[in-house]
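Hydrogens, waters and symmetry mates play no part in the numbers below; they use all other heavy atoms, side chains included.
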Amino acid sequence: MNRATLKGAAVVVGLLTLAGTAAAQHTRAGPWNGAAYAAPIVEPNTARSYILANDGGRIYDHYLTELMFTNPATRFTAYNHAIFTIEACHSGGFIGDLGAIDGREGNLNVAANRRSGIVVNTSVEYGQCGGASFFDPGTAGAGYNDAFSHFPHDWQDRIVNNGAGDVQMESAFRGASQATVARGNGQVPQYYAESALANTFTLRSLLPGTHDYAYLFAVKEANANQGWEFFRDIERQRNILINNYGWDDQHIIVMYGAGPGDTLPDNATAVPAWVDYAATEQGLIQGLLATRQNVGSFSKVHWFSTSHGDSTMIPTPGTLSLLAASLLVGARRRRR
C-alpha cells in the first residue's frame with residue numbers, strides 16, 4: 001500500500017471521531033502544527049510492526065498487546081489507564097493493535113472495538129525510517145545529543161515541566177510533535193487516545209497507594225551514540241516518574257540490555273541496581289508475571305521503550321509459549 005493510499009485511509013478514520021458523547025470521542029492524529037493535526041498514517045491490516053529485543057528477537061505489536069491485555073497467564077485482569085510511548089522505526093504500527101480490540105486500526109471508529117483507557121505516543125509513523133536519519137552529527141556522547149530519535153526527548157521535556165500542574169497526554173504530544181517536526185529531519189510522530197477523557201490522562205497516580213506499574217524497555221545498542229541515547233532515555237523516564245510524579249521505585253520495572261550483570265554502552269560500567277530484567281521477550285514476561293497480580297481497577301500502566309524497529313507485510317501470528325514456572329521465582333526483587 002503506498003503513502004497516498006495510507007493517507008486516504010487515514011481520512012476515513014478521521015482525526016477526531018464522534019461517537020455520541022464527548023466521553024466517547026477518540027483522537028487519532030499525526031503531528032500538531034500549532035493550529036491543527038496532520039493526517040495520521042494508518043498501518044494496513046496485513047502488516048505487523050515490531051521492536052527489536054536485546055537478543056535479536058522481535059516483539060511484535062500484536063504480541064505485546066496479547067501479553068498485556070488478552071493472554072490469561074500474563075495479562076492485567078484490571079487496569080484504569082495504559083499509556084504507551086514507543087521509540088522505534090515503524091512504531092506507529094503499534095497503535096492499531098494496542099487501541100483496537102480486533103487489531104485493525106481502520107476499525108477504531110467503532111466505539112465497541114476500542115480498548116478502554118489507552119493512549120499511545122509513537123516517534124514515527126508506520127513505515128517510516130528507511131534511510132532517514134534523525135541524527136545531529138558530530139555531537140556524540142554520553143549525554144545522547146547525537147539523537148537517534150528526537151521525539152522521546154521532546155516528549156519528556158513536556159511532561160517534566162509540570163510545575164503548574166500535571167501535564168495531560170494530548171498537550172504533551174502536541175508540544176512534542178510540533179518541536180520534533182520543526183527540526184526538519186522528517187520524523188512524523190503519531191498519537192492515539194481512546195476517548196476525550198484519555199486525552200486528559202497524566203502520569204500521576206489516581207489514588208494514593210495505587211499499584212501503578214511502569215515498564216521501561218531499552219536495548220543495549222552496539223553503536224555508542226545510539227547506545228547511550230537508549231540508556232539515557234529510560235534513565236530519564238525513571239527519574240521523571242519518581243521525582244515529578246511521585247512513583248515508587250519498586251513499581252518501575254526496568255528491562256535493559258542483557259539485564260543485571262550487563263554493562264552500559266562503554267562496556268565497562270555495570271548497569272545500575274535498578275535494572276531488573278533483560279530487554280528480551282523472556283525479560284518482559286518475567287516482569288509481567290512478577291507484577292500483574294497487583295494491577296487493579298484504579299491502576300495506571302505505563303510502557304516506555306527505546307529500541308530499533310521495523311515491520312513486515314507477512315503476518316507473524318506466533319503463539320505465546322509461557323516460560324517455565326521458574327520464571328515466577330526468577331524475579332530479582334519482590335514487588336509490593
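- Side chains of H251 and N294: no donor on one and acceptor on the other come within 3.5 Å.
- Here the side chains of I95 and I41 are not in contact, with every heavy-atom distance at 4.5 Å or above.
- No chain of hydrophobic side-chain contacts below 4.5 Å, direct or via other Ile, Leu, Val, Met, Phe, Trp or Tyr residues, connects Y79 to I101.
- Other residues, nucleotides and ligands contribute more than 12 heavy atoms inside 6.0 Å of the CZ atom of F69.
- No side-chain donor from either of D61 and Y50 sits under 3.5 Å from a side-chain acceptor of the other.
- Looking at heavy atoms from C-beta onward, Q190 lies in side-chain contact with R28 at the 4.5 angstrom threshold.
- There is a side-chain donor-acceptor pair under 3.5 Å between T180 and D154.
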| said: Run the side chain to side chain contact (heavy atoms under 4.5 Å, CB included) test on F151 and E87 for me, step by step, so that the C-alpha distance in whole Å, both residues' side-chain angles and the decisive distance to 0.1 Å come before the verdict. | reply: CA-CA 8 Å; F151 176 76; E87 173 188 13; over 6 Å; no
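- Y126 and E105 share no side-chain donor-acceptor pair at under 3.5 Å.
- For the atom pair D166 CG and S171 OG, the distance stands at 11.5 Å (nearest 0.5 Å).
- Scanning both residues, H90 and C129, for their nearest heavy atoms gives CD2-CB, 4.4 Å.
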| Test side chain to side chain contact (heavy atoms under 4.5 Å, CB included) applied to Q293 and T77, step by step | CA-CA 8 Å; Q293 69 275 11; T77 56; over 6 Å; no
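- Distance alone, capped at 3.5 Å, is enough to place a donor-acceptor pair between the E194 side chain and the G117 backbone.
- Between the side chain of T74 and the main chain of L67, a donor-acceptor pair closer than 3.5 Å is present.
- Distance check: I253 CD1 to Q286 CD gives 11.5 Å after rounding to the nearest 0.5 Å.
- Using a 4.5 Å cut-off between side-chain heavy atoms of Ile, Leu, Val, Met, Phe, Trp and Tyr, with links allowed through other members, F76 and F298 fall into different hydrophobic clusters.
- Using a distance-only test at 3.5 Å, with no hydrogens or angles considered, no donor-acceptor pair links the side chain of H26 to the main chain of S195.
- Of the possible polar contacts, none joining the W274 side chain to the I252 backbone as a donor-acceptor pair under 3.5 Å is found.
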| message | Run N80 and S299 through side chain to side chain donor-acceptor pair (under 3.5 Å) and show every step you take. | response | CA-CA 5 Å; N80 195 284; S299 295; over 6 Å; no
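- Side-chain atoms of S49 and S91, non-hydrogen and from C-beta on, never get closer than 4.5 Å to each other.
- In this view, T269 and D266 satisfy the side-chain hydrogen bond (donor to acceptor under 3.5 Å, both in side chains) rule, not counting sequence neighbours.
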| said: For a side chain to side chain donor-acceptor pair (under 3.5 Å) check, start with the C-alpha distance between H81 and D212, then their side-chain angles and the critical distance, and finish with the verdict. | reply: CA-CA 9 Å; H81 296 177; D212 302 319; over 6 Å; no
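- No chain of hydrophobic side-chain contacts below 4.5 Å, direct or via other Ile, Leu, Val, Met, Phe, Trp or Tyr residues, connects W32 to V181.
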| side chain to side chain donor-acceptor pair (under 3.5 Å) assessment of Y63 paired with E281 | CA-CA 10 Å; Y63 185 61; E281 175 188 348; 2.5 Å; yes
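- A tilted orientation is assigned to the rings of Y60 and H62, their planes being inclined by 30° to 60°.
- At distances below 3.5 Å, not a single donor-acceptor pair connects side-chain atoms of R292 with backbone N or O atoms of G287.
- No side-chain heavy atom of M169 sits under 4.5 Å from any side-chain heavy atom of T200.
- In this structure, the side chain of R204 engages the main chain of Y245 through a donor-acceptor pair within 3.5 Å.
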| Evaluation steps, side chain to side chain donor-acceptor pair (under 3.5 Å), between R174 and Y37 | CA-CA 8 Å; R174 286 185 177 188; Y37 284 120; 3.2 Å; yes
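- Minimum interatomic distance between A47 and M313 (heavy atoms only, all atoms of both residues): CB-SD, 3.8 Å.
- Taking the six-membered ring for Trp, Y256 and F230 have ring centres at least 6.0 Å apart.
- Closest heavy-atom contact between P31 and S177: CA-OG, 3.7 Å.
- Under a 4.0 Å N-O distance rule, the pair R232/E229 does not qualify as a salt bridge.
- Here D97 pairs with R48 under the salt bridge (Lys or Arg N to Asp or Glu O under 4.0 Å) rule; sequence neighbours left out.
- Side-chain atoms of T27 and N199 form a donor-acceptor pair, as typed in the model, at a separation below 3.5 Å.
- Between the side chain of N244 and the backbone N or O of V160, at least one donor-acceptor pair lies under 3.5 Å.
- In summary, the side chains of K300 and T202 do not present any donor paired with an acceptor at a separation below 3.5 Å, with no hydrogens or angles considered.
- Neither side chain, S305 nor Y215, offers a donor N or O lying under 3.5 Å from an acceptor on the other.
- For S205 (side chain) and L207 (main-chain N/O), no donor-acceptor pair under 3.5 Å exists by modelled atom type.
- One finds no salt bridge joining D102 and R115 here, because no Lys/Arg side-chain nitrogen approaches an Asp/Glu carboxylate oxygen to under 4.0 Å.
- Ring-plane geometry between W303 and F84 is classed as tilted, the angle between the planes lying from 30 to 60 degrees on a 0 to 90 degree scale.
- Side chain of D276 to main chain of V254: a donor-acceptor pair is present (N/O by atom type, distance under 3.5 Å, no hydrogens or angles).
- With Q187 contributing its side chain and H150 its backbone, the two residues share a donor-acceptor pair below 3.5 Å.
- Residues Y191 and E170 have side chains in contact (heavy-atom distance under 4.5 Å, counting atoms from C-beta outward).
- The two residues L52 and S307 make their nearest non-hydrogen contact at O-OG, 2.7 Å.
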